[in-house]
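Only one structure is covered here, and it is reproduced in the block below.
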Amino acid sequence: MPGEEKAPQQPRHRKKNKKSRSKVKSPLGGSPSDRLGGTLEGQDDLISNPALQPLPPKRQAEERPKVSVAKMDEESSIAICLQVVFPYLLAGMGMVMAGMVLDSVQHWEVFKVITEIFILVPALVGLKGNLEMTLAARLSTASNTGQMDDPAKQWTMVCSNLALIQVQATVVGFLAAVAAVCLGAISRGGIEIDQAAVLCASSITTAFVAALSLGLVMIGVIIGSRKVGINPDNVATPIAASLGDLITLSLLAGVSTTLYNHIDIWYLSPLVCLLFLALIPIWVVVARQSPQIREVLRSGWQPVIVAMSISSFGGLILDKTVNDPNFEGMAVFTPVINGVGGNLVAIQASRISTYLHFWSIPGVLPYKMRQHWPNPCITFFSSGVNSKSGRVLLMLVVPGHLVFLYAISLLQGDEAPISVPFTICFLCAALLQVAILLYFADLIVRFMWRRSLDPDNFSIPYLTALGDLLGTGFLALCFRCVSWTQSLGL
């Protein structure tokens, strides 16, 4: 009968349409469920959402750079090491120069009178971890996943990111100064308004100018790395570290000295603060052009502010030890040990974040990273590419610090308190610091991803601030251990 002949044809027709629809949903070949190891069945509504799309469009996939994130599993330890080692050494030499700058300016009058500036140092230097390294990780992920192939989108992303870090730098610079004033008041038992105004103006100006200059450098490095076929995750954060410490400390010394010399003009420092604070609405308007940055503006303040608070406690340790004869050289080595730890952990966090963005969607860990709370053996001794990069970064600690200690001894001569006991203690402290940071990076990035938070925005500030606190504390213990060994005649 005619009705009976049409009945079996209708399911076939629907089946054919379903197949055609499935082909449209998977522009890279195969269903998204196959791409993500079978973990995304029933998640078509998530995959169709552009904000959660883990894979780039087909046109962008065809225009991938020479080093594609799809080939991350093929990266060998030698390849990772070769890409990391040069910017790592360059960053370390920048930190050595920053340490020498801090050791020199600690004797300036403004640093002797307004000692709270030392509390500001880790917080402001840590801004490269809170802002510039986060910017580098965000843009590296966008570059590796093809989101910056379109020139119009690239321009919007660049402008929005620059405006975002200007807002964050201004606010965090002001809050860091307030924290330094409060900690200094508790320590000294009082506060002077004119010195507090100089401190706030110096902090905001330094944070603003350093964030703008380093942000422009980061954008150039990431776009250039993509064009020459280098993974930006491996080079962007070390270069940010190499320039960040030196630029920030130089600006802080210069600006604070200038404002202190004109402290009699009572309205100058408050006027500088009001000028930069008044620019915040303009940067907010520019930053909101990007939907992703709009979300960071709304919810990305907690890690930045918490990280600044953690770094301020590291600054309190520095403030208490820098003028103590038993801790001579504290100013030279603090930027080195803090910077190297933050540099290496930022590379690892950026690499893990890129891996997750490519192979999964927020809230779902890929099969190779299915453990929610991995133990250190999984973090450092498994066969995955992230474990491989962790081992490479950990092995770079000792030879890198030996190079940096030798550079300090050459540049400072007998002034640098580098002895065999100190070198052994320093290397052990640095190795322990980086091992802790790399393990915490694995934990925090997985935790953020499971909570559908972007690790590029939320993990690196916590990790670099923890690196500042651990580095300053371990360095103080190194000097104390050396003092004990000398008192025992060993």
Side-chain angles (χ1 to χ4, degrees), residues 91 95 98 102 118-138 165 168-169 171-180 182-183 203 206-207 210-211 214 237-238 240-241 244-245 248-249 252 296 299-320 334-350 352-353 393 429-430 432-445 447-448 453-476:
M95 296 162 196
L102 182 59
F118 288 110
I119 302 177
L120 273 182
V121 169
L124 289 182
V125 169
L127 280 180
K128 75 176 187 300
N130 298 342
L131 305 182
E132 280 78 26
M133 286 185 178
T134 302
L135 169 68
R138 217 166 29 234
I165 63 172
Q168 292 179 325
V171 174
V172 174
F174 176 74
L175 294 178
V178 172
C182 293
L183 291 174
S203 179
T206 300
L214 289 173
T237 51
D245 292 359
T248 302
L249 288 175
L252 179 61
V296 177
S299 61
W301 289 100
Q302 178 183 343
V304 174
I305 294 175
V306 172
M308 179 271 299
S309 303
I310 296 172
S311 296
S312 295
F313 283 102
L316 189 61
I317 297 174
L318 179 63
D319 183 36
K320 294 296 183 182
T334 296
V336 177
I337 192 170
N338 291 354
V340 168
N343 180 9
L344 295 178
V345 75
I347 294 175
Q348 181 72 347
S350 181
I352 299 174
S353 177
L393 296 175
L432 180 60
Q433 175 209 27
V434 174
I436 293 173
L437 290 176
L438 292 177
Y439 178 59
F440 270 81
D442 199 13
L443 295 180
I444 290 176
V445 171
F447 177 73
M448 296 294 180
L453 299 174
D454 189 350
D456 286 333
N457 298 324
F458 288 88
S459 64
I460 293 180
Y462 290 123
L463 293 169
T464 53
L466 180 61
D468 290 344
L469 183 59
L470 290 176
T472 308
F474 287 168
L475 184 60

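What you see is a predicted model; the values in this text were computed from it and never measured.
With rounding to the nearest 0.5 angstrom, the OG1 atom of T472 is 12.0 Å from the CG atom of D319. Annotation: the span from T248 atom OG1 to L120 atom CG amounts to 11.5 Å, rounded to 0.5 Å. Atom CG of residue L316 and atom CZ of residue F118 lie 13.0 Å apart, to the nearest 0.5 angstrom. Between S309 atom OG and L469 atom CG the span is 11.5 Å, to the nearest 0.5 Å. Atom CD1 of I305 and atom CE of M308 lie 6.5 Å apart (nearest 0.5 Å). Rounding to the nearest 0.5 Å gives a distance of 5.5 Å between CD1 of I337 and CG of L475.
Looking at every heavy atom in both residues, I317 comes nearest to A476 through CG2-CB, 4.4 Å. The minimum heavy-atom distance linking A211 with A169 is given by the pair CB-CB, 3.6 Å. The heavy-atom pair separating A465 from I310 by the smallest distance is O-CG2, 3.6 Å. The nearest pair of heavy atoms linking I119 to S312 is CG2-O, 3.8 Å. Here the shortest heavy-atom pairing between P303 and P461 reads O-CB, 3.7 Å.
Between L249 and V121, the closest side-chain pair of non-hydrogen atoms falls below 4.5 Å. Looking at heavy atoms from C-beta onward, L124 lies in side-chain contact with S203 at the 4.5 angstrom threshold. Contact of the P335 side chain with the L102 side chain is registered, since non-hydrogen atoms from C-beta on lie closer than 4.5 Å.
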Query raised in the report: Given Q348 and L437, is the side chain to side chain contact (heavy atoms under 4.5 Å, CB included) satisfied, shown in steps?
Result: CA-CA 10 Å; Q348 181 72 347; L437 290 176; over 6 Å; no
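Partners of A349 under the side-chain contact (heavy atoms from CB on, under 4.5 Å) rule, at least two apart in sequence or in another chain, are V445, S459, I460, L463. Qualifying side-chain contact (heavy atoms from CB on, under 4.5 Å) partners for F474, counting only residues two or more places apart in sequence or in other chains: A429, L432, Q433, I436, L470, L477. Applying the side-chain contact (heavy atoms from CB on, under 4.5 Å) rule to V434 yields the partners L344, L394, V397, L438; only residues at least two apart in sequence or on another chain are considered.
Taking a 6.0 Å sphere around CZ of F440, one finds it holds 12 or fewer heavy atoms contributed by other residues, nucleotides or ligands.
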